[in-house]
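Step one of this worksheet: look at the structure below.
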There are 2 protein chains.
Amino acid sequence: MRRFLPPLNSLKAFEAAARHLSVTTAAEELCVTQGAVSKQIRQLESRLGVGLFERRANGILLTAAGQQYLPFVTAALDSLDSATEQLQRGTRRRERLLLSVTPSFTSSWLISRIHDFEQQYPHLQVDLISGDGKPDFAGTEVDMAIRCLLPERAGQYHRVLVNERLLLVASPDVLEMKSMLQPLDLLQHRLLTQVTRPGMWDEFLQQLGLEATHATYGAGFEHFFMSIKAAEEGLGLGLIPDFLAQESISKGRLVNPLGLSVMSGFAYYLFCPGYKAELLKVIQFRDWLAQELLSAPL
Amino acid sequence: MRRFLPPLNSLKAFEAAARHLSVTTAAEELCVTQGAVSKQIRQLESRLGVGLFERRANGILLTAAGQQYLPFVTAALDSLDSATEQLQRGTRRRERLLLSVTPSFTSSWLISRIHDFEQQYPHLQVDLISGDGKPDFAGTEVDMAIRCLLPERAGQYHRVLVNERLLLVASPDVLEMKSMLQPLDLLQHRLLTQVTRPGMWDEFLQQLGLEATHATYGAGFEHFFMSIKAAEEGLGLGLIPDFLAQESISKGRLVNPLGLSVMSGFAYYLFCPGYKAELLKVIQFRDWLAQELLSAPL
DNA sequence: CGTGGGGTATGAGTTTTTGGAATGTCTTTG
DNA sequence: CAAAGACATTCCAAAAACTCATACCCCACG
C-alpha cells in the first residue's frame, strides 16, 4: 500500500483552478493570492512530468491530461470533504444528490421510480428541481441534469437516455364521440400542440400523407405533462413521448387509437459537469438510471 | 464548491497509521520519523475536534470516529494514487482487483461468471489467487477474499454470500451398479470425505437416523472440487455444496439420487479489510456478486 | 498601432509548517 | 525492578508555502 502521491495541497490548487478555468478565481476560493496558486500548479506539473494546463493570455485551458485527471481529483477531494463533514457533525447526514430535470420527465417517469433509487442508496438524499434550458452547472450545486437537448458544451459529460418516440394519444371518451378508424380522421380532431415544438404535428401528418394545412389545432402547452392532462380531459389529440404516456395508457386514461407513432429526432440526455463525472453518487445514479431504462422497456 | 478540508498531509499520516494500527510502522511507510507522524495525527485530531485514536501503551486503536473516517480517506487517497499513476504512464492501464478465493469456489462458481464482471467493468483487471485459511490482508495487496469461515476479526468488512447446503451426489454409473432407493442404501457405498470437515457425514447420517459407525469411508480430499471429480469418477458418494455441484448435476455427470441435502451450518463469506470497504472497485465487485447470487438461484 | 486591462508567471523575502533528534512518559514483560 | 516497546513532546533547523511587487503576454479598442 505504499503510495506515490503528488503533494496534496497542490492538488487542491489544481482542482480549483481546473474547475474555474481560472487561476485568479481559484485563488479567491482558496483564500490565497493568485501567485500562490500559480506556483502550486507549476509544482504539480513538474512533479508529475505532465502539463495540465495550456496557458493563454486570457486564461487557462485544460490539456487532455488535465481533463483526464480532473474528475478523479475532484471525486477524491469531494469524498474527503463529505466524509470530514459527517465526521464533524457526528451525525451521518445523508449526502445530497441534486438533480435538475425537465418537469415532464420528472412527473411522468422519474417520480414513480425515484423511490427505488432511494431504497437502493439510502445514504443519498435526492433533491429534484425542475429546469429546462441548456444545462449550466456554473455557480450552482446541481450535480446532474436531464434534458431533451442535444449536447453542445464541450467538457460536459453526457449520455443519451432515450430517443424520443411520440405516440398519438387520445382520451377514450373523445374517441367514443368521434370515431378514429383511419389517419384521415385525425383532421376531425383538435390537435394539442407544444409551444416549444412548432413543427411537431407537421412532420407527423406529413409522414401519414396528410396536408398539415387542413389540421385544426387546439391548445398549446409548454410541457408535455400538461398536454397529457389536456388529452386525458378530452381537449384533443396529443403527440406525447412514449415513456411519458406509458402510465396514462396502462391505466386506461389514454389510448393510442391507430397505433401510430413517430421518432421525433429529439432525445433525452443526462448531463453533468465533467469534473463531477467520477463522483460516487453520480456514478450510482447514472448506473441506476441505465438499469431502469433497460429493465422498463416501453 | 468551497470545501473545508483538513490539512491533506495529515490525512496521509492518519491513514497510514490507521491501516497499520501503529504510528511507528506508518512512519516507516512514509519515510519519516515516528515523531512526525505523531504530530500530524495530533494536528488532524485537533483540527477536526474529534479523537481518531485511542492511545495505549502498546499501540494505538481506532476510535469509533476513526473507524468511520478511515475507509473514506483510504478510498480517496487510493483513487488519487491510481489516477496519478495512470496520468504519468500516459496509458490507461487497467486497475487491478486482486481476489483471494477458495479453490472450490473459484473453479465451480466464479470462473464461469467472472467474464461477465470483466465485461461490465472493463477498466478493472481481475486477478484471482487461491487461498484458504483465515483471511489476512496484512502485508498483501489482496483486496477481497471469499472463504467458508465465520467472520472473526473485528475491523474487517464481511458479508454472507451463501449458506452452505450440502447435496448428496453420486455418479449415475455408480447408481446403476448398486441401487439407491432409500437412505439405508447409503451404507452400501463408500463415502467421500473432506479432511477439513471431520464431522460432515456424521451429522448427515444422524439426520437420517443412520448409525455413523456402520458407514464405509472412501478417499478424503482437501477441497470440494476434488471430491466432485472423485464422485464423477465413481469413487463414492459425495456431500457437496449445492452451488458447487450445480454444474456437474446439470450436465448429468452427477445426480442427487434421493434428493437429500443438509444445511451444514457453514457459510461462504466475502471479506475485505475495513479500510478498503469504500474503494470503488471493491464496491463494484461486491454489488456484482450480490446480483449474480440473486439472479442465479440454485 | 499603441495602450490599457485582464490574466498569468516569476523572484525576493518573510512567515508558516514540517521534520529530525533527543528526551520523557507509560505500560507490559520477564 | 529493569528493560523494552510504543507514543508524546520539545527545541531547533530546514523546507515549503505565501505575499508582494513586478514582469509578461495577448486581446480589444480607441
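Every chain is numbered from 1 and lettered A, B, ... according to where its sequence line falls, protein lines coming before strand lines. No experiment lies behind these values; they were computed from the predicted model shown.
Distances were taken from every side-chain heavy atom of B/V23 (C-beta onward) to each of C/dG19, D/dA8, D/dA17; the shortest belongs to D/dA8. Looking at the side chain of B/V32, the nearest of the listed nucleotides C/dG20, D/dC7, D/dA17 is C/dG20. Distances from the side chain of B/R55 to the nucleotides D/dC18, C/dA9, D/dA8 place D/dA8 closest. Listed nucleotides D/dA8, C/dC26, C/dT18 differ in distance to B/A57; the shortest reach to its side chain belongs to C/dC26.
Note on ring orientation: taking the six-membered ring where Trp is involved, the planes of A/H123 and A/Y121 are perpendicular (angle over 60°, cut-offs 30° and 60°).
Not a single donor-acceptor pair, N or O on each side, falls under 3.5 Å between the base of D/dA6 and the side chain of B/Q34. For D/dT19, the base has a donor-acceptor partner in the side chain of A/K39 [N/O atoms by modelled type, under 3.5 angstrom].
Look at B/E45 and B/R47 and you find no salt bridge, because none of the NZ, NE, NH1 or NH2 atoms lies under 4.0 Å from a carboxylate O. Note on A/R197 versus A/E203: no salt bridge recorded, every NZ/NE/NH1/NH2 to OD/OE distance being 4.0 Å or above.
Comparing B/I60 and A/S10 by the nucleotide of DNA chain D whose heavy atom lies nearest to each, the residue mapping closer to the 5' end is B/I60.
Note on A/R56: every side-chain N or O is 4.0 Å or more away from OP1 and OP2 of C/dT8. Contact check, A/T33 against D/dT19: a side-chain N or O comes under 4.0 Å of OP1 or OP2. Considering only side-chain N and O atoms, B/S38 lies nowhere under 4.0 angstrom from the phosphate OP1 or OP2 of D/dC7.
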Dump the intermediate steps for side chain to side chain contact (heavy atoms under 4.5 Å, CB included) on B/F224 and B/E164, then the final yes or no.
CA-CA 12 Å; B/F224 279 115; B/E164 191 180 75; 4.0 Å; yes
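Distance, A/I41 CD1 to C/dT10 P: 12 Å, rounded to whole Å. Separating the CG atom of B/L52 from the C1' atom of D/dC7 is a distance of 16 Å, rounded to the nearest angstrom. As rounded to whole Å, 14 Å separates atom P of D/dA16 from atom CD of B/Q40. Separating the CG atom of B/L8 from the C1' atom of C/dT17 is a distance of 14 Å, rounded to the nearest angstrom. Rounded to a whole Å, the CD atom of B/E54 is 15 Å from the C1' atom of C/dT27. One can place NZ of A/K12 at 14 Å from C1' of D/dA16, the figure rounded to the nearest angstrom. Atom P of nucleotide C/dG6 and atom CD of A/E28 are separated by 13 Å, given to the nearest angstrom. B/R42 places its CZ atom 13 Å from the C1' atom of C/dT25, with the value rounded to the nearest Å.
In this structure, B/Y69 has its ring center closer than 6.0 angstrom to the ring center of B/F14.
Using a 4.0 Å heavy-atom criterion, one finds that A/G35 contacts the bases of the nucleic acid, with or without backbone contacts as well. B/T24 comes within 4.0 angstrom of the backbone, heavy atoms only, and of no base.
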